[in-house]
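Heavy atoms only: backbone and side chains are in, while hydrogens, waters and symmetry mates are out.
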Protein chains: 2
Amino acid sequence: MEPHEPDLTAVPVTAVLAALADDVRLQIVRALAEGGEAACGSFDFGVSKATRSHHLKVLREAGLTRTRAAGTSRLVRLRRDEVDKLYPGLLDAVLTPRPAA
Amino acid sequence: MEPHEPDLTAVPVTAVLAALADDVRLQIVRALAEGGEAACGSFDFGVSKATRSHHLKVLREAGLTRTRAAGTSRLVRLRRDEVDKLYPGLLDAVLTPRPAA
DNA sequence: GGTGTTGTTCGATCGTTGTCGAACAAGGGT
DNA sequence: ACCCTTGTTCGACAACGATCGAACAACACC
């Protein structure tokens, strides 16, 4: 299967924002930002594995994550450098659970 | 009519992102960031005035804009200071039409 | 080869949302 | 008073998206 991990510059800004505008996906991104690489199954946020797979696909196709196979698992990691380069401040602004300014 | 302009801290991050995750609304925000205060009617992006009104409502209820009456018009402005304070880098990261990194 | 684990994909459901025309409301001008 | 301009609100409709269970695929391990 083709992973289909597009270049971030090829993804519309609205698609990146839409990918982040979901609570489950935001939790996944936060977990990735903290824990680095993680298996798909490690994200149990009260949704079925079908839904989880869907969310990971959305993040991947938005250019936010990369996935590589490792045995029966798949390891996901955040493309932090590229995102920070193209959208500086975006992840920092969004990653904190409660800004509490 | 109650304007219903919530405090930004009371709006979930996902709602702010969702408000920005639309092409028409992003164009509006960009126009506001450039031109300062503007009347609702000045945003003609190929949608009907009903749709435009809807988008301005979404932006307002996401805590991103403020609206004040001025004669028959309504002037809208971006709450830039507050957004920058709570989500530093968000608008900067999103406002450029083509990042071209 | 068979079994178990891990993800993906399919089809269906159901809520959300972007869009429009039409009706309505509020002001300003003449 | 009348009309025009400016926005909002009200259905209605179509498209999208989040969710699930079930079926399928790939791999490891015994």
Side-chain angles (χ1 to χ4, degrees), chain A residues 1-6 11-32 35 37-77, chain B residues 1-6 11-32 35 37-77:
Chain A
M1 171 211 125
E2 303 286 318
H4 192 214
E5 296 174 349
V11 179
V13 193
T14 50
V16 177
L17 291 170
L20 294 172
D22 180 278
D23 197 52
V24 175
R25 288 196 290 267
L26 210 45
Q27 287 181 267
I28 294 177
V29 171
R30 280 170 185 154
L32 286 176
E37 208 170 32
C40 299
S42 64
F43 311 112
D44 189 2
F45 297 119
V47 295
S48 73
K49 59 178 181 175
T51 303
R52 186 194 322 150
S53 190
H54 161 69
H55 285 309
L56 289 170
K57 183 181 183 182
V58 172
L59 289 173
R60 183 179 355 110
E61 294 188 345
L64 293 172
T65 60
R66 262 187 220 287
T67 305
R68 68 187 179 91
T72 81
S73 297
R74 278 162 182 270
L75 296 181
V76 186
R77 70 177 191 279
Chain B
M1 171 209 126
E2 303 285 316
H4 192 213
E5 297 173 347
V11 180
V13 193
T14 50
V16 176
L17 292 171
L20 294 172
D22 179 278
D23 197 53
V24 175
R25 288 196 290 267
L26 209 45
Q27 287 181 267
I28 294 177
V29 171
R30 281 171 184 152
L32 286 176
E37 210 170 31
C40 299
S42 63
F43 312 112
D44 190 2
F45 297 118
V47 295
S48 72
K49 59 178 181 175
T51 304
R52 188 194 321 150
S53 190
H54 161 69
H55 285 310
L56 289 170
K57 183 181 183 182
V58 172
L59 289 174
R60 185 182 349 115
E61 294 187 346
L64 292 172
T65 60
R66 264 188 218 287
T67 307
R68 68 185 179 92
T72 80
S73 297
R74 281 164 181 268
L75 296 181
V76 185
R77 70 178 191 279

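Atom CZ of B:Arg68 is separated from atom CZ of B:Arg77 by 7.0 Å, given to the nearest 0.5 angstrom.
Heavy-atom nearest nucleotides on DNA chain C were determined for B:Thr72 and for B:Ala21, and the one closer to the 5' end corresponds to B:Ala21. Nearer the 5' end of DNA chain D, as judged by each residue's closest nucleotide, is the contact made by B:Cys40, out of A:Gly71 and B:Cys40.
Put simply, NZ on A:Lys49 is 14 Å from P on C:dG4, counting in whole angstrom units. Taking atom CG of A:Leu59 as the reference point, atom P of D:dG17 lies 14 Å away to the nearest angstrom. Summarising the geometry, the separation between CZ on B:Arg25 and P on C:dT17 is reported as 9 Å, rounded to the nearest angstrom. With rounding to whole Å, A:Leu26 atom CG is found 13 Å from D:dA18 atom P. One atom, CZ of A:Arg68, and another, C1' of C:dT8, lie 19 Å apart when rounded to the nearest Å. To the nearest angstrom, C1' of D:dA15 lies 13 Å from CG of B:Asp22. Atom CG in B:Asp23 sits roughly 16 Å away from atom C1' in D:dC16 (whole-Å rounding). Following rounding to the nearest Å, A:Asp44 (CG) and C:dT6 (P) show an atom-to-atom distance of 12 Å.
Contact of the A:Ile28 side chain with the A:Leu59 side chain is registered, since non-hydrogen atoms from C-beta on lie closer than 4.5 Å. With a 4.5 Å cut-off on side-chain heavy atoms, B:Leu56 and B:Thr65 do not count as touching.
Within 4.0 Å of A:Ala39, counting heavy atoms only, lie sugar-phosphate atoms of the nucleic acid but no base atom. Residue B:Ser73 is classed as a sugar-phosphate contact, given heavy-atom separations below 4.0 Å to backbone atoms only. Among the atoms of the strands shown, only primed sugar atoms or phosphate atoms (P, OP1, OP2) are found under 4.0 Å from some heavy atom of B:Val47.
Minimum atom distance to the side chain of B:His54 is reached by C:dG18, of the listed D:dA23, C:dG18, D:dC20. For A:His55, counting side-chain heavy atoms from C-beta on, the closest listed nucleotide (D:dA18, C:dA22, C:dT19) is D:dA18. Side-chain atoms of A:Ser48 lie closest to D:dG21 of the nucleotides D:dG21, D:dT6, C:dG18. For B:Arg60, counting side-chain heavy atoms from C-beta on, the closest listed nucleotide (C:dT19, D:dT8, D:dG21) is D:dT8.
The phosphate of D:dA18 (OP1 or OP2) has no side-chain N or O of A:Arg52 nearer than 4.0 angstrom. At C:dG7, none of the side-chain N or O atoms of A:Ser53 fall inside 4.0 Å of OP1 or OP2 (strictly under the cut-off).
What you find for A:Phe45 and A:Gln27 is that their closest heavy atoms are CD2-NE2, 3.3 Å. The two residues B:Asp22 and B:His55 come nearest to each other via the heavy atoms OD1-CE1, 3.7 Å.
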